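Just so you know, these numbers use all the heavy atoms, side chains as well, and skip hydrogens, waters and symmetry mates. For ligands, and for the atoms within them, numbers begin at 1 and follow the listed sequence. For reference, positions follow the sequence shown, starting with 1. In this text the structure is predicted, and so the values were computed from the model without any measurement.
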Amino acid sequence: MTDLILGIETSCDETAAAVVESSKLIRSSIVSSQVQLHERFGGVVPEIASRAHVDLIVPVVAEALVASGVEGDEIEAVAATSGPGLVGSLLVGVSAAKALAMVWDVPFIAVNHLEAHLYASFLEDPDLQLPLVFLLVSGGHTLLVLMEEQGKYRVLGSTLDDAAGEAFDKVARYLGLGYPGGPAIDNLALEGDRSAFQYPRSLVQENPATLPDDRKFAFSFSGLKTAVVNHVRSNPDVATEDVVASFQEAVVDALVTKLKWALESTGVEAACLGGGVAANSRLRERFLEVCDSAGVKGCLPSRAMCTDNAAMVAAAGYWRLKKMGPSPLNTGVDPNLGLV
Ligand code: KG4
Ligand code: ZN
């Protein structure tokens with residue numbers, strides 16, 4: 001069995017490499033963030049991101065190997081994110097991983113970034129039992145997924161417009177709070193009153209039975225974003241901390257309500273949270289409350305494992321290799337790769 005896996009993640013603006021043993025022991029995890037390069041543009045600039053990955057990939061991989069205490073030729077497989085993400089960024093990580101796999105003569109594994117976010121939970125809680133419901137909330141995705149067995153997923157619902165992280169980033173940008181917006185709103189919301197304003201919760205109502213099936217587990221955040229912007233535009237003196245606390249509460253309410261409905265309808269005994277927005281303090285608190293009251297085990301990865309990293313890529317790569325074998329070396333990148 002392949003035990004030592006080098007993971008590489010370059011799907012967006014983080015260049016990351018990690019060495020993981022047996023899919024559960026993180027020997028090293030290095031994340032080099034490009035936030036400073038992108039913040040003056042208020043978002044990730046794809047061309048700048050891919051060029052930065054080219055500069056950073058070799059030092060980051062070298063640092064991950066040194067920190068792990070593992071020699072390159074002890075690595076038994078190399079896994080890299082092949083999608084979804086920015087095409088130029090993905091190409092850098094996948095090309096580096098294939099080159100290393102060829103040099104060391106070990107398998108290459110193409111990993112789905114969404115699946116990697118899910119495997120962050122298994123890294124920290126290897127005894128997690130299936131089936132489970134996974135709520136994935138990141139900058140590019142908002143998905144409610146039923147994981148029936150390793151590698152077998154059913155997407156229960158996704159966002160009809162903006163992803164939750166995208167809504168955080170857009171609202172923060174409008175309010176001049178900088179990029180990325182999620183952590184800025186999370187911090188400022190601690191000083192605000194979350195019941196100050198009742199912003200809309202789309203597709204959330206008291207009786208889920210009145211929603212058609214294709215909307216029951218779906219999300220929508222663009223109306224909420226517009227409501228916040230219109231409110232602040234007409235009330236320029238409103239306290240920003242109250243606005244962001246109320247906005248955050250509306251996002252979290254929608255997320256945990258759909259999770260609760262998914263737990264009721266599937267009857268699973270475990271749920272896990274993943275993706276960058278899973279680092280949000282209020283979401284973490286409400287996620288555990290919902291799991292507790294539903295009587296299911298709630299798995300909450302550490303904040304570092306929620307945001308993009310390569311340890312989760314190595315962990316997902318381990319399972320993919322075990323179940324499906326290596327990926328061919330001509331596997332390309334897929335910016336729009338889905339979970340199923
Ligand atoms: O998973 P991730 O690191 O990258 C993608 O795959 O998209 O997620 C990044 C997203 C960004 O939109 C960022 O604003 C959001 O996660 N985020 C947060 C927090 N930390 C990161 N959103 C809310 N609260 C946070 N504490
Ligand atoms: Zn991500």
Side-chain angles (χ1 to χ4, degrees), residues 7-16 18 29 31-35 38-39 42-44 46 49 80-86 89-90 93 111-121 134-143 158-159 162-175 177-190 192 194 219 221 224-225 244-245 247-256 272-287 300-313 315-316 335-339:
I8 294 180
E9 157 62 38
T10 61
S11 66
C12 191
D13 61 342
E14 257 98 33
T15 315
S29 179
V31 180
S32 172
S33 169
Q34 302 175 8
V35 163
H38 301 285
E39 71 187 343
V44 178
T81 303
S82 64
L86 302 171
S89 296
L90 290 165
V111 168
N112 182 316
H113 184 79
L114 308 177
E115 192 171 35
H117 272 303
L118 169 54
Y119 274 89
S121 296
F134 175 45
L135 176 59
L136 168 62
V137 267
S138 71
H141 295 85
T142 304
L143 290 176
S158 60
T159 181
D162 290 351
E166 196 179 348
F168 270 96
D169 294 339
K170 286 178 174 169
V171 166
R173 188 172 173 173
Y174 178 75
L175 297 172
L177 300 176
Y179 175 84
I185 288 183
D186 193 353
N187 285 333
L188 189 58
L190 296 173
R194 57 182 175 246
F219 303 92
F221 297 109
L224 167 61
K225 173 198 66 195
V244 295
F247 159 75
Q248 177 175 275
E249 197 64 10
V251 175
V252 170
D253 250 353
L255 293 171
V256 299
C272 50
L273 190 62
V277 183
N280 182 268
S281 325
R282 184 68 181 145
L283 178 57
R284 296 171 78 81
E285 194 175 278
R286 300 267 323 263
F287 169 80
L300 199 52
S302 62
R303 284 186 163 84
M305 280 303 123
C306 291
T307 48
D308 287 351
N309 67 85
M312 66 184 194
V313 175
N336 301 314
L337 190 64
L339 192 57

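Regarding atom 2 (P) of ligand 1, its nearest protein heavy-atom neighbour is D308 OD1, 3.3 Å. Atom 22 (N) of ligand 1 has G182 CA, 3.3 Å as its closest protein atom, hydrogens excluded (heavy atom only). For atom 1 (O) of ligand 1, the nearest protein heavy atom (residue, atom name, distance) is G276 N, 2.9 Å. Looking only at protein heavy atoms, the nearest one to atom 11 (C) of ligand 1 is D169 OD2, 3.5 Å. For atom 9 (C) of ligand 1, the closest heavy atom belonging to the protein is G139 N, 3.8 Å.
For D186 and R282, the salt-bridge test fails: no basic side-chain N is under 4.0 Å from an acidic carboxylate O. Between E166 and R173, no side-chain nitrogen of the basic residue sits less than 4.0 Å from a carboxylate oxygen of the acidic one, so the salt-bridge criterion is not met.
Taking the N/O/S atoms of D308 in turn, the shortest distance to the Zn ion (ligand 2) belongs to OD1. Among the heteroatoms counted here (N, O or S) of H113, NE2 is the one nearest to the Zn ion (ligand 2).
Of all atoms in ligand 1, listed by their number and element, those nearer than 4.0 Å to a heavy atom of T307 are 3 (O). Counting atoms of ligand 1 from 1 in the listed order, those under 4.0 Å from a heavy atom of H117 are 1 (O), 6 (O). Less than 4.0 angstrom separates some heavy atom of H113 from each of these atoms of ligand 1: 6 (O). Ligand 1 places these atoms under 4.0 Å from at least one heavy atom of G140: 7 (O).
Considering backbone and side-chain N/O atoms, D186 comes within less than 3.5 Å of an N/O atom of ligand 1. By the 3.5 Å distance cut-off applied to N or O atoms, G165 is counted among the residues near ligand 1.
The OG1 atom of T81 sits 8.5 Å away from the NE2 atom of H117 when rounded to the nearest 0.5 Å. Rounding to the nearest 0.5 Å gives a distance of 4.5 Å between CZ of F168 and CD of Q248. For the atom pair CD1 (I8) and OG1 (T15), the distance works out to 10.5 Å, reported to the nearest 0.5 Å.
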Run E9 and S11 through side-chain hydrogen bond (donor to acceptor under 3.5 Å, both in side chains) and show every step you take.
CA-CA 6 Å; E9 157 62 38; S11 66; 2.6 Å; yes
Under the criterion side-chain contact (heavy atoms from CB on, under 4.5 Å), I'd like the reasoning laid out for F221 against K170: C-alpha separation, chi angles, the key distance, then a yes or no.
CA-CA 11 Å; F221 297 109; K170 286 178 174 169; over 6 Å; no
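Not one N/O/S atom of C12, from backbone or side chain, sits under 2.8 Å from the Zn ion (ligand 2). Inclusion of H117 in the first shell of the Zn ion (ligand 2) is supported: an N, O or S atom falls under 2.8 Å.
Without hydrogens or angle criteria, D308 side chain to G276 main chain gives no donor-acceptor distance under 3.5 Å.
Heavy atoms of C12 come nearer than 4.0 angstrom to ligand 1 in no pair at all. The shortest heavy-atom distance from Q248 to ligand 1 is not under 4.0 Å.
Residue-level proximity to ligand 1 for N280 is carried by backbone and side chain together, each with a heavy atom below 4.0 angstrom. Contacts with ligand 1 closer than 4.0 Å are made by no heavy atom of H141, backbone or side chain.
When side chains are defined from C-beta on, V137 does not count as touching N280, because their heavy atoms never get closer than 4.5 Å.
The heavy-atom pair separating S138 from A163 by the smallest distance is O-CB, 3.7 Å. Taking every heavy atom of both residues into account, C272 and L118 meet most closely at SG-CD1, 3.8 Å. The minimum heavy-atom distance linking V251 with A164 is given by the pair CG1-CB, 4.2 Å.
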